[in-house]
Amino acid sequence: PAPRHLFSDAAEVGAVRSALLAWYDSCKRELPWRALAANEPDVDRRAYAVWVSEVMLQQTQVATVIDYYNRWMQKWPTLQALAAASLEEVNELWAGLGYYSRGKRLQEAARKVVSELAGRMPRTAEELQKLLPGVGRYTAGAIASISYGQATGVVDGNVIRVLCRLRGIGADSSSPAVLDRLWDMANVLVDRSRPGDFNQALMELGATVCVPKAPLCEECPVKQHCHARRRRLAWGRPRCRSAYGPTATSALVFAGAGGCPLCPPATEPWDSSLGVTNFPRKAAKKQPRVARAATCVLERGGRRGAPRYLIVQRPSSGLLAGLWEFPSLPLAPGLQEEKQREMLAGHLQAWGGRPVAAGGLRYVGEVIHIFSHIHQTYVVYSLPVDEDVTLDAALSPSRWVTEEEFHASAVSTAMKKV
Ligand code: SF4
């Protein structure tokens with residue numbers, strides 16, 4: 001790669017480290033896991049707290065995570081407490097955070113630490129990644145740098161954006177070749193004496209200043225080192241292009257001239273209307289799969305107390321594993337409404353133990369929910385049933401719940417919408 005893409009100048013590395021750390025010290029957000037990591041003397045508990053926060057923060061906004069994190073740490077303050085919990089309890093607390101397998105895997109790994117590692121967390125990023133199921137390179141680096149002070153870098157979505165802009169990297173940022181370079185860069189940059197703070201500073205910069213759509217470049221502590229910003233300022237001022245060499249032209253500066261693997265491809269040169277948000281670039285996302293399901297809210301009673309609703313448990317693997325839902329079944333594309341009702345009535349018969357008339361199902365409406373890779377539509381029906389419906393114990397676990405109990409159960413956000 002062209003040298004401008006790398007951090008090869010020691011003086012510049014030192015300047016970036018100190019600028020970022022000084023900014024972090026004065027601007028960082030006060031977050032509960034940061035307070036715990038800074039004040040907790042027990043290294044295993046510190047690592048556990050960082051681990052929980054990092055797993056929750058994957059794909060989820062900080063503002064949403066805070067409440068979940070506080071409730072989690074209150075309920076399971078140690079690895080041992082989490083290891084002793086049931087999966088049902090974990091799913092209940094996780095409900096609404098999405099990507100439910102994350103909570104399940106966190107608990108499995110905690111059980112492993114307690115049963116196989118004598119309750120002691122592995123002490124390096126390499127060992128964390130090797131020994132704990134579900135702990136990837138990023139989480140391992142975050143735990144090791146923040147809890148143990150290991151000088152190891154981290155690369156997450158925020159770091160990718162900041163580094164690609166700082167170094168003008170316009171090749172596909174999800175490609176292994178670019179990611180390898182970014183990891184190398186993160187490991188070079190990380191401050192040796194304050195690695196945890198440095199990593200958090202880099203991520204914090206991406207979350208609050210170098211944001212995806214409208215970055216606040218003029219407030220940025222490392223703007224002097226930013227190639228994307230320099231490129232934006234140079235646009236329309238040919239004089240400034242000399243910064244990239246006497247023969248550079250605006251088209252060449254950031255296009256893949258000379259076969260550089262980190263430059264934008266020559267077919268997608270700099271777009272002046274995008275400014276610094278020309279970086280990072282990603283290959284087009286795969287379109288989510290479109291899926292439809294019929295779901296029925298069976299309602300029982302109401303005269304002698306609160307109405308109750310039937311929920312059933314999903315299988316223990318696959319999408320939304322182990323969560324509870326109203327009885328549902330997938331629908332083939334283009335199925336007529338009449339057929340849809342018949343199929344749902346047949347499915348419900350199994351739960352009620354008696355025939356269900358398709359005509360008795362009341363159509364309520366449709367609910368759309370976007371999972372990471374599925375665009376799901378639920379066609380919602382309701383059905384009042386008699387008091388004396390008994391559930392077949394041979395089927396998936398099922399139970400009748402009040403509205404309040406429903407909300408406290410391990411149900412997905414999609415079902416809450418239903
Ligand atoms: Fe991001 Fe702008 Fe800072 Fe560059 S100057 S790192 S684009 S916020």
Side-chain angles (χ1 to χ4, degrees), residues 1-29 57 61-62 138 153-174 178-179 181-191 194-195 197-237 240-244 248 250 253-255 260 262-264 268-282:
R4 66 168 175 272
H5 293 307
L6 307 173
F7 278 102
S8 40
D9 174 358
E12 188 179 30
V13 168
V16 168
R17 284 178 186 161
S18 17
L20 259 179
L21 283 169
W23 170 80
Y24 183 69
D25 288 339
S26 61
C27 298
K28 69 168 179 264
R29 292 169 293 178
L57 285 165
Q61 298 286 326
V62 166
Y138 164 77
V154 293
V155 173
D156 72 344
N158 284 320
V159 174
I160 290 173
R161 184 166 59 256
V162 173
L163 291 182
C164 283
R165 288 175 180 171
L166 278 176
R167 295 294 98 171
I169 294 172
D172 175 6
S173 66
S174 59
V178 171
L179 284 171
R181 285 289 175 184
L182 294 174
W183 275 101
D184 291 347
M185 221 181 273
N187 282 324
V188 166
L189 273 181
V190 65
D191 188 87
R194 296 177 59 193
D197 284 347
F198 179 86
N199 285 338
Q200 292 184 87
L202 200 53
M203 293 189 275
E204 185 95 341
L205 188 76
T208 61
V209 175
C210 195
V211 291
K213 290 213 173 98
L216 310 168
C217 294
E218 295 322 299
E219 292 172 25
C220 176
V222 288
K223 63 184 177 196
Q224 305 301 343
H225 307 277
C226 180
H227 283 248
R229 177 172 169 274
R230 207 178 294 168
R231 177 69 187 82
R232 175 172 61 76
L233 297 177
W235 183 260
R237 285 193 284 153
C240 300
R241 288 177 208 144
S242 57
Y244 299 98
S250 59
V253 167
F254 277 93
C260 169
L262 297 184
C263 277
E268 295 168 41
W270 173 270
D271 176 347
S272 62
S273 67
L274 294 177
V276 297
T277 65
N278 271 284
F279 308 109
R281 293 189 187 190
K282 271 195 221 146

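Order of listing sets the numbers, starting from 1, for every ligand and every atom in it. All residue numbers refer to positions in the sequence shown, counting from 1. Worth saying up front: this structure is predicted, and the values here are computed from it rather than measured.
The structure places CG of L20 at 11.0 Å from CD of E204, a figure rounded to the nearest 0.5 Å. Atom CD of Q200 is separated from atom CZ of F198 by 12.0 Å, given to the nearest 0.5 angstrom.
Listing protein N, O or S atoms at distances below 2.8 Å from atom 3 (Fe) of ligand 1, with waters left out, gives C220 SG.
The environment of K28 atom NZ is dense: over 12 non-hydrogen atoms of other residues, nucleotides or ligands sit within 6.0 angstrom.
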For residues 155-162, which side-chain donor-acceptor pairs fall under 3.5 Å, sequence neighbours excluded?
unit_1: D156; atom_1: OD1; unit_2: N158; atom_2: N; d: 3.1
unit_1: D156; atom_1: OD1; unit_2: V159; atom_2: N; d: 2.9
unit_1: N158; atom_1: OD1; unit_2: R161; atom_2: NH2; d: 2.5
unit_1: R161; atom_1: NE; unit_2: C210; atom_2: O; d: 2.8
unit_1: R161; atom_1: NH2; unit_2: G206; atom_2: O; d: 2.7

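In terms of heavy-atom proximity, P264 sits nearest to R281 at CB-NH1, 3.7 Å. Across every non-hydrogen atom of G275 and R232, the tightest pair is CA-CD, 4.0 Å.
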